Enquirer: 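Structure incoming, see below.
Just so we're clear, the structure is a prediction, and the values are computed from it rather than from any experiment. Naming convention: chains lettered A, B, ... in sequence-line order (proteins, then strands); numbering from 1 in each chain.
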Amino acid sequence: MSEQPDAPEAAPGADAAADPALFAHALRIAEALVFASDRPIAAAKVQQALPPGVDARAVLTSLLATTAGRPVELVEVGGGYAFRTAADLAPALTRVVEVPRKLPRVAMETLAIIAYHQPVTRPEIEEIRGAALSQATLEALLEHGLIAPRGRKEVPGRPSLWGTTPRFLEQFGLQGLGDLPRREELVNEPGGLFQAPRLQAGGQPQG
Amino acid sequence: MSEQPDAPEAAPGADAAADPALFAHALRIAEALVFASDRPIAAAKVQQALPPGVDARAVLTSLLATTAGRPVELVEVGGGYAFRTAADLAPALTRVVEVPRKLPRVAMETLAIIAYHQPVTRPEIEEIRGAALSQATLEALLEHGLIAPRGRKEVPGRPSLWGTTPRFLEQFGLQGLGDLPRREELVNEPGGLFQAPRLQAGGQPQG
Amino acid sequence: MTQPVMHLRLEGFEGPLDLLLDLARAQKVDLERISIIALVDQFLAVLDQARRVRLELAADWLVMAAWLAWLKSRLLVPQDPAEELDAEALAAALTDRLAELDRMRLAAAFLGGRQQLGREIFARGAAENLRVEDRSGLNADLPALLQAYAAARRRALARRPYAPKHRKLWTVQDALARLGGMVGALPDWATLTRFLPEGLTDPVERRAALASTLIAALETARGGGIELRQERAFGPILVRRSTPMEEALPDVRAA
C-alpha cells in the first residue's frame with residue numbers, strides 16, 4: 001500500500017526491494033511469526049527473524065496491505081502487530097453465551113426489604129437492614145428494572161419512596177405481591193421492639 | 001436457498017457451488033473461525049458457523065488447497081482442522097520463539113509404547129522395556145498433556161491404564177493414531193532388523 | 001575415570017533387555033536367525049567383565065544372567081525331547097520380546113523425527129475468544145429473595161442492644177378488682193381460671209396472672225366473700241360466692 005517497489009528514495013527497504021525473492025521470503029517469515037506470537041509483536045522483534053538487509057517495517061507495512069480484506073487481517077495494536085479476524089465476520093463467528101449474573105447480597109437484601117415494606121424511603125431501608133445503603137445499590141436495582149420511584153414522602157427532606165415493578169414480579173415468578181410469604185413466616189420479629197414503618201406487604205395483595 | 005428444484009439428487013456441496021458468492025463467504029468464515037483458535041476445530045463445529053446449505057467439508061477441502069504453500073497453512077490434525085506455520089519457516093522462527101526442551105529418550109520410548117499398546121499399564125510398559133519406569137517419566141508425559149489415564153485394569157492391584165491424548169496427535173502432527181507406521185513397517189529394511197539402531201523414521205509418515 | 005569403559009557402558013543400558021538388544025543387533029543377522037546361545041555367551045561375558053571391575057550389579061541383571069545360563073544349558077543338553085521344545089519356546093519368546101522392544105525404539109525414533117508443535121511448527125499464539133458473554137440476565141429466584149430478607153432482618157435485630165421483654169403483669173390489685181366484680185354474677189361453682197384477664201397468650205404472663213388471681217381469691221375467701229374448693233391435688237380450684245344459708249353444707253361433706 002505504501003511501498004513503491006521502484007521508489008529509489010525509499011531508504012530502509014531499498015536493498016530488499018532490489019531482491020524481490022528475499023523480500024517475499026521475509027514476508028512469509030513475518031506472517032508466520034506474527035501468527036505464532038502470543039501477544040502483539042513489535043517490529044524490532046520481527047526484525048530479528050528476518051534475513052539481514054530486509055527492513056521489518058517495510059515488510060509489515062506490505063503485510064498490512066496484503067492482508068487487508070482477508071478474513072484474518074494484520075492490525076497494529078498496542079505498539080505491535082497481531083492478526084485479528086475481520087470485523088465483518090463477527091456475526092457469523094461469535095457465539096453469544098448467556099451468563100446471568102447474581103445480584104450482590106446487599107442488592108438482594110435491599111430488594112427484599114423494598115418488596116416487603118413498599119413504598120419505603122432509603123433511610124427506612126437503612127433502618128430495617130441496620131446498615132447504610134449505597135446509591136450504587138439502588139441504581140443497580142433501578143437498572144435491572146426491579147424497582148421504581150413511587151413519589152416522595154411528605155417529611156422533611158421529602159425522600160423518594162421506592163416500590164417494586166412488574167418486572168420484579170416476573171423475575172421472581174409472582175402473580176402479585178400477595179404471593180409473597182408473610183413476614184412473620186420468615187422472621188421472628190420481637191413484638192414491641194420493631195415498629196414496622198409500613199403495614200405488612202403480605203397482608204395487602206394489590207395487583 | 002439450499003435446494004435446486006431441478007436437481008434433487010445434487011450432492012451436499014453441489015448447490016453451494018451453484019452460488020459462488022455464498023461459497024466464497026463460507027470460505028471466509030471457515031478461515032477466520034479456524035484461524036482464531038489455537039486448537040484443531042472439528043468440521044462439525046465449522047458447519048455450525050456456515051450459512052445453511054454450504055457443506056463444511058467442501059469448504060475445508062477448498063481451504064486446504066488455497067492455503068497450501070502459504071506461510072500459515074491449514075492442516076488436518078488430531079481429528080480437526082488447524083492453521084499451522086509452514087515447516088520450511090522453522091529455522092527463521094526458532095531464532096525468535098523460545099523452543100521447549102526435547103523429551104528425553106526414555107520419555108519418547110515410553111510414549112511410543114503407550115501409543116502402540118494403549119490402553120497399557122505401567123507394569124506392562126516396564127515389561128516391554130525390560131526396565132523400571134520412573135514416576136518422573138510418566139509425570140513429564142502427563143504434564144505435556146500427551147497421555148491420560150484410561151480407567152483401571154481389572155487385575156490385582158487395579159493398575160491405571162494409560163493412553164495417548166488428542167494433544168499427542170497435535171504435538172506430532174498426526175491426523176489420528178492410524179497415521180502411525182503400522183507394526184509391520186517398524187520391522188524395517190531387509191538385511192537386518194537390528195541394523196539401524198536409531199533410524200530416522202523422520203519427516204514423512206508412511207506412503 | 002579409573003573405572004574402565006565397561007562400567008560406563010553398562011550404565012548406559014536401560015536394563016538387561018536393552019543390552020541384549022544391543023548384542024543381538026551386533027550379530028547383524030535377521031531376527032529368525034539370531035543365535036540365542038551366542039547371545040547368552042556375549043551377555044554373560046559382559047557381566048563377567050563388569051564383575052571383574054567390581055561393578056555392583058542390580059538384581060534384575062543377575063536374574064537375567066541366571067535365567068539365560070539355564071536356558072543355554074537346556075538348549076545344549078536337553079534331558080528329554082519335551083524339555084528341548086520348552087527351551088525353544090522360551091528362546092522364541094525372548095526373541096519376540098527383543099523384536100517388540102526394537103519396534104518400540106523405531107516408533108520412538110519415528111515420533112522423534114517428526115516436526116513437533118511448538119518446536120518446528122507453531123500454532124496460533126494468541127487464540128481469539130469468539131464467545132461473547134451476555135451478562136444482562138439476572139440469576140435470582142424467590143427463595144434467594146426470601147433468604148435475603150430473613151438474613152437482613154436477623155442481622156439488623158442481632159445488632160440492636162439487648163432489651164428485656166416488656167411484660168404486662170397482672171397485679172394482685174388487678175386480680176382482686178376483677179374477682180370482686182365477677183364473682184357476684186356467678187350462680188354456682190366456677191373454676192379459678194375463669195377470672196383470668198382475657199387475651200393472655202404469653203405463657204409466662206398467663207402463669208403470673210394465675211398466681212395473682214389465686215392470691216386475690218385466698219384474700220377474698222379469708223374475708224368471707226367467697227368459698228374455695230379443690231377436690232384433688234392439682235385439680236381445678238373452684239370458686240363461688242359465699243351463701244350463709246348453706247354454710248353447713250361443706251361441714252357435712254367434710255364430715
Enquirer: Side chain from CB out, backbone as N, CA, C, O: work out which of these in A32(A) comes under 4.5 Å of a heavy atom of chain C, or both, or neither.
Expert: neither
Enquirer: Hey, are the side chains of I128(A) and R153(C) touching, using non-hydrogen atoms and a 4.5 Å cut-off?
Expert: yes
Enquirer: Should we count CD of E98(A) as having more than 12 external heavy atoms under 6.0 Å?
Expert: no
Enquirer: Just wondering, more than 12 heavy atoms not from R119(C) lying within 6.0 Å of its CZ?
Expert: yes
Enquirer: Is it the backbone or the side chain of L146(A) that comes under 4.5 Å from a heavy atom of chain C, or both, or neither?
Expert: side chain
Enquirer: Give me each pair satisfying salt bridge (charged side-chain N to carboxylate O under 4.0 Å, His left out) with a member in residues 32-53 of chain A, each pair once, sequence neighbours excluded.
Expert: none
Enquirer: Of all the heavy-atom pairs spanning G130(A) and A156(C), show the shortest one and how long it is.
Expert: N-CB, 3.8 Å
Enquirer: V99(A) vs N139(C), test: side chain to side chain contact (heavy atoms under 4.5 Å, CB included). Steps then yes/no.
Expert: CA-CA 9 Å; V99(A) 187; N139(C) 179 14; over 6 Å; no
Enquirer: When rounded to the nearest 0.5 angstrom, what distance separates CG in L142(C) from CG in D179(A)?
Expert: 8.5 Å
Enquirer: State, yes or no, whether a side-chain contact exists between F83(A) and E128(C) at a heavy-atom distance under 4.5 Å.
Expert: no
Enquirer: With rounding to the nearest 0.5 angstrom, report the CZ to CG distance, R131(C) to L93(A).
Expert: 15.0 Å
Enquirer: Pick one of side chain, backbone, both or neither for A140(C), based on which atoms fall under 4.5 Å of a heavy atom in chain A.
Expert: both
Enquirer: Answer whether the closest heavy-atom distance between the side chains of L138(C) and L103(A) falls below 4.5 Å.
Expert: yes
Enquirer: List the atom of I113(A), the atom of A152(C), and the distance in Å for their closest heavy-atom pair.
Expert: CD1-CB, 4.1 Å
Enquirer: So that I know where these two stand, are F122(C) and F35(A) an aromatic pair - ring centroids less than 6.0 Å apart?
Expert: no
Enquirer: For L186(A) and Y149(C), which heavy atoms make the closest approach, and how far apart are they?
Expert: CD1-CD2, 3.9 Å
Enquirer: Within the supplied structure, the quantity of interest is the number of heavy atoms (other residues, nucleotides, ligands) at a distance under 6.0 Å from R150(A) CZ; does it exceed 12?
Expert: yes
Enquirer: Against chain C, label R129(A) side chain, backbone, both or neither, depending on which of its atoms sit under 4.5 Å from a heavy atom there.
Expert: both
Enquirer: Which bit of A144(C) is near chain A, if near means a heavy-atom gap under 4.5 Å: side chain, backbone, both or neither?
Expert: both
Enquirer: Applying salt bridge (charged side-chain N to carboxylate O under 4.0 Å, His left out), which residue pairs with at least one partner in residues 82-94 of chain A are found, sequence neighbours left out?
Expert: D88(A)-R28(B)
Enquirer: For the interface with chain C, which of L111(A), T94(A), V106(A) has the highest count of heavy-atom pairs at distances below 4.5 Å?
Expert: T94(A)
Enquirer: What part of S37(A) is in contact with chain C, defined as an atom under 4.5 angstrom from a non-hydrogen atom: side chain, backbone, both or neither?
Expert: backbone
Enquirer: Below 4.5 Å, heavy atoms only, C-beta onward: do M108(A) and L145(C) meet side chain to side chain?
Expert: yes
Enquirer: Which answer fits T110(A), side chain, backbone, both or neither, if we ask what part of it has an atom under 4.5 Å from a heavy atom of chain C?
Expert: neither
